[in-house]
Amino acid sequence: MSAESLPATDLRWVVCPVCHQRLESVGDIISCQGCRRRYPILDGIPVLLADRVL
């Protein structure tokens with residue numbers, strides 16, 4: 001499963017764990033609109049941990 005199967009409406013309740021800005025799906029990653037950190041999606045689950053940034 002990739003980020004494409006993760007609707008944008010699912011991300012409206014989730015924010016970046018570092019800067020607390022909105023997130024968006026970009027290919028197979030989740031990208032922060034504020035600080036531009038990128039988080040992986042592993043087995044269809046976004047890993048939003050500050051120490052797991054790509």
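Position 1 is the first residue of the sequence; numbering continues from there. Since this is a predicted model, take the numbers as computed values, not measurements.
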Is it possible for you to say whether Val15 and Ile29 belong to one hydrophobic cluster, with membership spreading through side-chain heavy-atom contacts below 4.5 Å? no
From CZ (Arg38) to CG (Asp28), nearest 0.5 Å: 9.0 Å
With side chains defined as the heavy atoms from C-beta onward, is the minimum distance between Leu48 and Leu23 less than 4.5 Å? yes
Val47 to Tyr39 - nearest heavy-atom pair and separation: O-CB, 3.5 Å
Value for SG (Cys16) from CZ (Arg36), rounded to nearest 0.5 Å, stands at 11.0 Å
Distance, nearest 0.5 Å, that separates SG of Cys32 from CZ of Arg22: 11.0 Å
For Leu11 versus Ser25, what's the shortest heavy-atom pair and its separation? CD1-OG, 3.3 Å
About how many Å separate CZ of Arg37 and CD of Gln21, when rounded to the nearest 0.5 Å? 11.5 Å
Could you state whether Leu42 and Ile30 fall into the same hydrophobic cluster, counting links through intermediate Ile, Leu, Val, Met, Phe, Trp or Tyr residues with side-chain heavy atoms under 4.5 angstrom apart? no
